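Working notes, structure below.
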Number of protein chains: 2
Amino acid sequence: MQNFHHNAVCPVRDILSHLSSKWAMLILITLDANQTMRFSDIQKSIGDISQRMLTVSLRALEADGLVNRKVYPEVPPRVEYCLTERGDSLIPCIQGLVNWALTHMPQILEERKGREFL
Amino acid sequence: MQNFHHNAVCPVRDILSHLSSKWAMLILITLDANQTMRFSDIQKSIGDISQRMLTVSLRALEADGLVNRKVYPEVPPRVEYCLTERGDSLIPCIQGLVNWALTHMPQILEERKGREFL
DNA sequence: CGGCATCCTCATCGATACTG
DNA sequence: CAGTATCGATGAGGATGCCG
């Protein structure tokens, strides 16, 4: 019986838990789709993420080396974010999930409707 | 500027939010690795999931048609879980994430150590 | 503009006890 | 064995205000 789990430090759990944060994957695919973006552009693109959560999430992604943060010493300040090479390498995996979602979601939604009358 | 987001119902967000639940992906790869499993087997395999969360998570996966639940009318009761075809089709995507994690985690852990002295 | 600090709310989750 | 029910703790996340 195979398991990846509950060992001292499980890389799979670790990564999955990071990506499972409400915004991580959304930010990554947004950055992938638009390349370099300013803080406020990301926020506008996602639409309903608070400033706080965008900051927190970006810091977490930066800490894992998935996102690059570049500050321009200007007034008013400008900060640009883009994927690192490592971040890029993760995109195909996420894109796989996205494609799966786009493929299977219609039918799942259908089935949900069928159950709403219980 | 492309975005998948904050439209009325966004399939990508919907699926990602479901898979982002703490246990969903872990349960799916566990079921994939071991095929058919009883409730208690899944719990033992994952190790640190509470009975409650396993029940809740399995119900959610079942509701999305990713997991099949079969009850045997015996005493004591026996319930077996396995992936549905749809669940199977999701495995490669998750496996992609798992492989990515196994590949990149060592270096990420290294980098984290380097930052612990701040 | 792009934050950080603070406070507060609410969903998530664990522990425990009980049941068919 | 495989749940359901309830309660309480925790922590993610939202709202607001201030700052370089």
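Every value quoted in this text rests on a predicted model; they were computed, and no experiment measured them. Note that these values count all heavy atoms, side chains included, but never hydrogens, waters or copies made by symmetry. By convention in this document, chain letters (A, B, ...) are assigned in the order of the sequence lines, proteins followed by strands, and residues within each chain are numbered from 1.
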> Just checking A:R38: base, sugar-phosphate only, or nothing, at a heavy-atom cut-off of under 4.0 Å?
Replying inline: sugar-phosphate

>> Side chain of B:T55, heavy atoms from C-beta onward: which of C:dG14, D:dG3, D:dG13 has the nearest atom to it?
In response: D:dG3

>> Expressed as a whole number of angstroms, how long is the span from A:L26:CG to D:dG13:C1'?
In response: 15 Å

>> Between A:S50 and B:E80, which residue's closest nucleotide on DNA chain D lies nearer the 5′ terminus?
In response: B:E80

>> Base, sugar-phosphate or nothing for A:Y81? Non-hydrogen atoms, less than 4.0 Å.
In response: sugar-phosphate

>> Nearest whole Å is fine: how far is D:dA2 P from B:E62 CD?
In response: 15 Å

> Can you check the B:L54 CG to C:dA15 P distance for me, whole Å?
Replying inline: 14 Å

>> Of the listed nucleotides (D:dC1, C:dC13, D:dG14), which one gets closest to any side-chain atom of B:P76?
In response: D:dC1

> Taking atom C1' of C:dG2 as reference, at what distance in whole Å does atom CG of A:D41 sit?
Replying inline: 12 Å

> To the side chain of A:V79, which of D:dA2, C:dG14, C:dG2 is closest?
Replying inline: C:dG2

>> Whole angstroms only, please: what is the CD-P distance between B:Q43 and D:dG3?
In response: 10 Å

> Just by distance, do the side chain of B:S57 and the backbone of B:M53 share a donor-acceptor pair under 3.5 Å?
Replying inline: yes

> A:K22 side chain N/O closer than 4.0 Å to the phosphate oxygens (OP1, OP2) of D:dG14?
Replying inline: yes

> How long is the line joining CZ of A:R78 and P of C:dG3, in whole Å?
Replying inline: 13 Å

>> From C-beta outward on B:P77, which listed nucleotide comes closest to its side chain: D:dC1, D:dA15, D:dT4?
In response: D:dC1

> Less than 4.0 Å between a side-chain N and a carboxylate O, is that true for A:E80 and A:R78?
Replying inline: yes

>> Less than 4.0 angstrom from a charged side-chain N to a carboxylate O is my criterion; do A:R59 and A:D64 meet it?
In response: no

> Of A:R69 and A:R52, whose closest DNA chain C nucleotide lies nearer the 5' terminus?
Replying inline: A:R69

> Taking CG from A:L58 and C1' from C:dC1, how many angstroms apart are they, rounded to a whole number?
Replying inline: 14 Å

> Looking for any heavy atom pair under 4.0 Å, which part of the strands does A:Q51 touch: base, sugar-phosphate only, or nothing?
Replying inline: base

> Between atom CZ in A:R59 and atom C1' in D:dA12, what is the gap in whole Å?
Replying inline: 18 Å

>> Atom CD of residue position B:E85 - does it have more than 12 heavy atoms of other residues, nucleotides or ligands inside 6.0 Å?
In response: no

>> Using the rule side-chain contact (heavy atoms from CB on, under 4.5 Å), only one of B:H104, B:M105, B:E111 pairs with B:Q107; which is it?
In response: B:E111

